[in-house]
2 protein chains.
Amino acid sequence: MDDLTEMLKGTLEGCVLEIIGSEETYGYAITRQLNELGFADVVEGTVYTILLRLERNGLVQVAKRPSGVGPPRKFYALNDAGREELAKFWAKWQYLSSRINRLKEGGRWVTSAGVVY
Amino acid sequence: MDDLTEMLKGTLEGCVLEIIGSEETYGYAITRQLNELGFADVVEGTVYTILLRLERNGLVQVAKRPSGVGPPRKFYALNDAGREELAKFWAKWQYLSSRINRLKEGGRWVTSAGVVY
DNA sequence: CTCCACTACTCGGTGATACCGTGTACTGGT
DNA sequence: ACCAGTACACGGTATCACCGAGTAGTGGAG
């Protein structure tokens with residue numbers, strides 16, 4: 001697949017929020033999970049910048065724990081603000097994707113009042 | 001709706017390509033059409049920068065024509081490169097949106113080989 | 001006739017984001 | 001002793017949508 005970086009802007013952070021929201025986890029594992037999910041070209045550096053941003057914006061709770069197979073891991077979990085942000089992300093995604101798919105299908109549709117655009 | 005600007009990155013240009021592809025048109029009208037389609041906060045300045053970029057990248061064919069109700073209009077139509085770019089855009093959109101929706105639905109699915117991720 | 005609204009395009013600068021490369025550091029196997 | 005895999009941080013870059021101001025043409029209200 002072609003380069004997706006521009007299209008990922010604004011959505012990748014939401015994906016990371018979703019992953020953290022479903023399970024407390026850490027950067028390296030999030031990167032691997034994203035790769036498995038089809039976001040093949042996302043690399044660690046990108047994920048870490050997102051995680052630092054989430055932390056700076058107060059959307060996550062952080063806990064450092066030893067690993068056993070390498071350096072200590074920073075585990076992330078959503079707090080209330082993070083869950084709210086995640087809900088807003090999915091609302092935006094729903095809004096945007098419905099409109100884009102409508103445009104794709106010809107950009108015409110009928111409202112409840114029968115108005116055709 | 002909240003601010004969509006970050007999420008629009010990489011997709012708004014594709015939307016403009018789609019609009020131009022379905023009908024030869026000009027910047028001001030494209031902006032109005034996007035607003036009607038639900039991209040309410042997109043303003044003219046944004047659309048014009050996209051159009052200039054498309055022109056610079058050789059994806060469109062341009063024709064200036066008098067208007068009758070204002071300054072002359074610059075009409076845009078896709079050329080072969082533009083149609084190819086549009087096809088790539090929809091392929092990327094399809095790829096990305098399917099993966100994001102999968103993540104939204106729990107991030108688990110079964111391949112044709114029966115492997116569960 | 002003058003002002004204003006609407007139409008229509010251009011351009012320099014800003015902020016946000018994903019990406020790149022490099023560096024640091026811990027563990028275990030050869 | 002070396003190297004691969006794990007794990008995180010950070011400075012710099014490119015791209016993109018957006019903002020604001022400017023320039024112009026037409027037509028209607030006062």
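Each chain gets a letter, A, B and so on, in the order its sequence line appears, and its residues count up from 1. Values reported hereafter were calculated over all heavy atoms of this structure, with side chains retained and with hydrogens, waters and symmetry mates removed.
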For this session: Give the rounded distance in Å between these two atoms: OH of A:Tyr28 and P of C:dA25.
Result: 19 Å

Problem set entry | Note: A:Arg102-A:Glu105 ion pair, threshold 4.0 Å (strictly below) | no

Exercise. Atom CD1 of A:Ile50 and atom C1' of C:dC19: how far apart are they, to the nearest Å?
Worked result: 10 Å

For this session: Give the rounded distance in Å between these two atoms: CG of A:Leu34 and P of C:dC19.
Result: 10 Å

For this session: Please tell me which of the listed nucleotides, C:dT17, D:dC18, C:dC19, lies nearest to the side chain of B:Thr49?
Result: D:dC18

Exercise. Heavy atoms under 4.0 Å, any strand shown: does A:Leu51 hit a base, just sugar-phosphate, or nothing?
Worked result: nothing

Seminar exercise, completed: Result for 5'-nearest mapping on DNA chain D, choosing between B:Glu13 and A:Tyr26, is A:Tyr26

Exercise. Do A:Glu24 and A:Arg65 sit within salt-bridge range, that is, some charged N less than 4.0 Å from a carboxylate O?
Worked result: yes

Exercise. Within the modelled atom types, does a donor on one side and an acceptor on the other bring the side chain of B:Lys9 and the base of D:dT15 under 3.5 Å apart?
Worked result: no

For this session: When you get a sec, tell me which of C:dA8, D:dA9, D:dT6 is the closest nucleotide to the side chain of A:Val69?
Result: D:dT6

Exercise. Can you tell which of C:dA16, C:dT7, D:dA7 lies closest to the side chain of B:Glu6?
Worked result: C:dA16

For this session: Could you tell me the separation between the CG atom of B:Asn35 and the P atom of C:dT7, rounded to a whole number of Å?
Result: 12 Å

Seminar exercise, completed: B:Asp3 CG to C:dA16 P, in whole Å, measures 11 Å

Problem set entry | From CG (B:Leu34) to CD (B:Glu18), nearest 0.5 Å | 11.0 Å

Exercise. Think B:Ser67 has a side-chain N or O under 4.0 angstrom from the OP1 or OP2 of C:dA8?
Worked result: yes

For this session: For the pair B:Glu44 and B:Arg32, find out whether any cationic side-chain nitrogen is under 4.0 Å from an anionic carboxylate oxygen.
Result: yes

Problem set entry | Nearest-angstrom distance from the residue atom CG of A:Leu12 to C1' of C:dC20 | 15 Å

Exercise. Of the nucleotides D:dC10, C:dA18, D:dC18, which has the atom closest to the A:Leu52 side chain?
Worked result: D:dC10

Exercise. Quick one: which of D:dA17, D:dC19, C:dT7 gets closest to the side chain of B:Val43?
Worked result: D:dC19

For this session: Look at all strands and tell whether B:Thr5 reaches a base, only sugar-phosphate, or nothing, counting heavy atoms closer than 4.0 Å.
Result: sugar-phosphate

For this session: Please tell me which of the listed nucleotides, C:dT17, D:dC18, D:dC8, lies nearest to the side chain of A:Tyr48?
Result: D:dC8

For this session: Name the closest nucleotide to the B:Arg73 side chain, picking from C:dC9, D:dC16, D:dT6.
Result: C:dC9

For this session: Side chain of B:Glu44 only, please: which of D:dT6, D:dA9, C:dC9 is the nearest?
Result: C:dC9

For this session: Examine B:Arg73 relative to B:Phe75 and say whether NZ or CZ is less than 6.0 Å from the centre of the six-membered ring and inside a 45° cone about the ring axis.
Result: no

For this session: For the residue pair B:Leu51 and B:Lys74, establish whether any side-chain heavy-atom pair is separated by less than 4.5 Å.
Result: no

For this session: For C:dA16, take OP1 and OP2 only and decide whether either is under 4.0 Å from a side-chain N or O of A:Arg53.
Result: no

For this session: Could you check how far CG of B:Leu17 sits from P of D:dA17, rounded to whole Å?
Result: 11 Å

For this session: Give the rounded distance in Å between these two atoms: CG of B:Asp41 and C1' of D:dG20.
Result: 17 Å

For this session: Let me know, please, whether A:Gly70 or A:Arg56 comes out on the 5' side of the other along DNA chain C by nearest nucleotide.
Result: A:Arg56

Exercise. For C:dC9, does either OP1 or OP2 sit under 4.0 Å from a side-chain N or O belonging to B:Lys64?
Worked result: no

